[in-house]
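I have a structure I would like to understand better, so I am pasting it below and will then ask my questions one at a time.
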2 protein chains.
Amino acid sequence: MPTATSRPRAAARRAPARAGAGAGPAAYSVDAVLFTVVDGDLGVALVRATPGPGGERPRERWTLPFAAGAPDEPLQAAAAAVAEEVLGGPPAWMEQVGAFGDGRRHPAPAPLSVAYVGLVPDGFELPGDEGGAEFHALASLPAVPPRQKAMIDAAAAHVRGRVGQAPVAFRLLPPTFTLSELQVIYELLLGRRLHKASFRRSLQSARIVEPTEVWRSEGRGRPAQLFRHALKRKRPAARGLRFD
Amino acid sequence: MPTATSRPRAAARRAPARAGAGAGPAAYSVDAVLFTVVDGDLGVALVRATPGPGGERPRERWTLPFAAGAPDEPLQAAAAAVAEEVLGGPPAWMEQVGAFGDGRRHPAPAPLSVAYVGLVPDGFELPGDEGGAEFHALASLPAVPPRQKAMIDAAAAHVRGRVGQAPVAFRLLPPTFTLSELQVIYELLLGRRLHKASFRRSLQSARIVEPTEVWRSEGRGRPAQLFRHALKRKRPAARGLRFD
DNA sequence: TCAATAGTGTCTGTTAGACATTATGGA
DNA sequence: TCCATAATGTCTAACAGACACTATTGA
């Protein structure tokens, strides 16, 4: 029987996590889909799966980090704990993706999994301790249990769908960045090229970035001014209606 | 132990549903938030809560329809079964809202609930049998268990957020409708008035409705042409980028 | 006839996207 | 100097919203 105050944080990190917190198999798992930018694409943090009790499986296998759900722990807190276990700190942003409960296979002995998506700034270094978490580009993803594969797909769609509503792009970048870097992130998330001048006009009219005094020169070409994310003010009364 | 082929459909409908399908309390519940239009506002289907074993509770209490989750049943199918139990048929549209697992109270003895939102056309009549489901306008909602109240709020936000991506407005209307009726639905969902001519231009350019040969005269005024929802064709290459 | 609602045509301000030009540093 | 990139000004087509007008019914 778990106490109400101790969080089962040690349950995260590695694959077949402790089942439940005492009695019988866990009712559900909480899985974290942690994205960052890996050479121009989204990348997701995976941990090495421990081989089953039988000891077979010569091939290397990976899973999302997850933990068994504890009945008395809020879902968001559980997901944050799973993420912290992998990252060494909290992700820059986190949101629930949904519940996944078809019959597809999952490393936890639970019929239901709740997925959360988190964002990590580009350039972040995973703590390289024994846990062995690594970022893998979505384009070249290793084999992952099918239920977790569905979570990764849904998480990517979730993040892409929230561009423009949530500061998603900014959480994939360090605190200061050039507008060209920001545009690359937006193009990655939206899946299409954007017009440079138009993109900057949109940013300016929404007052969503503010310039710093710092300029950065990278290789050849004119140096770029660094910007930071500006807190959103009152909403400018959305015009129009787009059917999409 | 439930068999893989029999769905526990009888578990829906009334409040403290059968816990699980045999052994111990259910791991999670599946709840349906069924919306329709009730005098100019969204309305949600509620069922009368059965009083607890103690028999107290003189005040009338309501809950969302729900069922105990069965490990071998896909979530969407479970939610559809719950909805069918209340409506006598499937809802016009259904989508998952998310998992709710903070410590808030829920009529099921489960720490976790998965909410689905469904839409029912305006004018639909609930089968008035002993179950006693009724639509209640969101503006005048009776007391509902707190976790279910959170689900209702999230479901309304979910539907509002998917206007323009999914045929949400059309599922709140009968198969044929006037453009004025459609505009009222959009205004209800978006929470703001729309410009009549501009609204119709948007519909026309998106080819999202098609006219029928039928005109309907309701009381005074010029009769209105009836339209039906047109299946969406190729996406017209979304222009622009709005920060909101 | 008047009131009420449906449906359209025209005008205007805003803006996304195209294009061109200037600015600034590295090679 | 040439080249690559940043930053910005100008033009145009598209479009949201305002306004006005016509059309068609019931009272």
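None of these values were measured; they are calculated from a predicted model. A note on names: the letters A, B, ... follow the listed sequences, proteins ahead of strands, and every chain is numbered from 1.
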Name all pairs fulfilling the side-chain hydrogen bond (donor to acceptor under 3.5 Å, both in side chains) condition that reach into residues 118-128 of chain A, sequence neighbours left out, sorted by first residue then second.
->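 Not a single pair qualifies under side-chain hydrogen bond (donor to acceptor under 3.5 Å, both in side chains).
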
Distance in angstrom units between A:F199 CZ and D:dA7 C1', rounded |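 After rounding, the reported distance stands at 14 Å.
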
Residue-phosphate contact under 4.0 Å: A:R200 side-chain N/O, D:dA7 OP1/OP2 =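 So the side chain of A:R200 is within the cut-off, an N or O lying under 4.0 Å from OP1 or OP2 of D:dA7.
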
Starting from P on D:dA4, measure out to CZ on A:R216 and report it in whole angstrom.
->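 So the two atoms are 21 Å apart, to the nearest Å.
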
Heavy-atom closest contact (B:G101 atom, B:L112 atom, distance) =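 In this case the closest contact between B:G101 and B:L112 is CA-CD1, 3.9 Å.
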
Check the distance between C:dA4's P and B:K196's NZ and give it to me in whole angstrom.
->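 Atom-to-atom, B:K196 to C:dA4, this comes out as 15 Å.
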
Closest-nucleotide ordering on DNA chain C, the 5'-leading residue of A:G221 and B:R222 |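 Of the two residues, B:R222 wins.
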
Which atoms of nucleotides 9-12 of chain D (N or O only) lie under 3.5 Å from a protein N or O atom, and what are those distances?
| residue | atom | partner | partner atom | Å |
| --- | --- | --- | --- | --- |
| D:dT10 | O4 | A:R201 | NH1 | 3.4 |

Taking only N and O in the side chain of B:S198, is any of them less than 4.0 Å away from OP1 or OP2 of D:dA18?
->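 Result: no.
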
Verify the distance criterion only: is there a donor paired with an acceptor across the side chains of B:R147 and B:S113 at less than 3.5 Å?
->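 Side chains of B:R147 and B:S113: pair found under 3.5 Å.
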
Atom CD of B:Q183 and atom P of C:dT8: how far apart are they, to the nearest Å?
->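 It is 14 Å, rounded to the nearest whole Å.
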
Rounded to whole angstrom units, what separation is found between the CD atom of A:E181 and the C1' atom of D:dT5?
->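 Nearest whole value for this atom pair: 13 Å.
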
Rounded to the nearest Å, what distance is computed from the CH2 atom of residue A:W215 to the P atom of nucleotide C:dG26?
->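 Whole-Å distance recorded here is 14 Å.
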
For the ring pair A:F66 and A:H106, is the centre-to-centre distance below 6.0 Å?
->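 Between A:H106 and A:F66, which both carry aromatic rings, the centre distance is below 6.0 Å.
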
Side chain of A:P223 (C-beta onward), nearest among C:dA4, D:dA7, C:dG25 |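 Output: C:dG25.
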
Roughly, in whole Å, what's the span from CD in A:Q225 to P in C:dT24?
->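 Nearest whole value for this atom pair: 12 Å.
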
Aromatic contact, B:Y28 with A:Y28 (centres under 6.0 Å) |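 No - the distance between ring centres of B:Y28 and A:Y28 does not fall below the 6.0 Å cut-off.
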
Take atom CG of A:L203 and atom P of C:dT15, then tell me their distance rounded to the nearest Å.
->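 In whole Å, C:dT15 P and A:L203 CG are 14 Å from each other.
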
When rounded to the nearest 0.5 angstrom, what is the spacing between CH2 in B:W93 and CZ in B:R171?
->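 That separation rounds to 10.0 Å.
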
Side-chain donor-acceptor pairs under 3.5 Å in residues 32-41 of chain B, sequence neighbours left out?
| residue | atom | partner | partner atom | Å |
| --- | --- | --- | --- | --- |
| B:T36 | OG1 | B:V120 | O | 2.9 |
| B:T36 | OG1 | B:P121 | O | 3.3 |
| B:D41 | OD2 | B:A139 | N | 3.2 |

According to a strict under-4.0 Å criterion, is A:S180 in side-chain N/O contact with OP1 or OP2 of D:dA6?
->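 Answer yes for this pair, as a side-chain N or O of A:S180 is under 4.0 Å from OP1 or OP2.
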
